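What you see is a predicted model; the values in this text were computed from it and never measured.
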Amino acid sequence: MKDNLIYFRAKTESAKNIPVQDLSLIQEIRELLSEFHGNYPLVTKKAILLRIDQLTDELILNKR
């Protein structure tokens, strides 16, 4: 981790095995992560992180 950034390695799992609903959640999380790196006020960044947290919880609950 450098400059407070976390670099993720791409997972080799095929997208064919992932349900469509999970793919849409993952895509939204990725879009929010890219927005997070923008020059926004702290309050906006906190809102982005809160939404990412909510989507992550939803993604985890779908796996159960």
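Expressed to the nearest 0.5 Å, how far CG of Leu42 lies from CG of Leu49 amounts to 9.5 Å. We find the CG-CD1 distance between Leu55 and Ile60 to be 11.0 Å, quoted to the nearest 0.5 Å. Atom NZ of Lys45 sits about 10.5 Å away from atom CD of Glu35, to the nearest 0.5 Å. Within the model, atoms CG of Leu25 and CD1 of Ile52 stand 12.5 Å from one another, a figure rounded to the nearest 0.5 Å.
By the 4.5 Å heavy-atom criterion applied to side chains, Leu50 and Lys46 are not counted as neighbours. Side-chain atoms of Asp57 and Asp53, non-hydrogen and from C-beta on, do get closer than 4.5 Å to each other.
Side-chain contact annotation: Glu58 with Gln54, donor-acceptor N/O pair under 3.5 Å absent.
Closest heavy-atom contact between Ile48 and Leu32: CG2-O, 3.5 Å.
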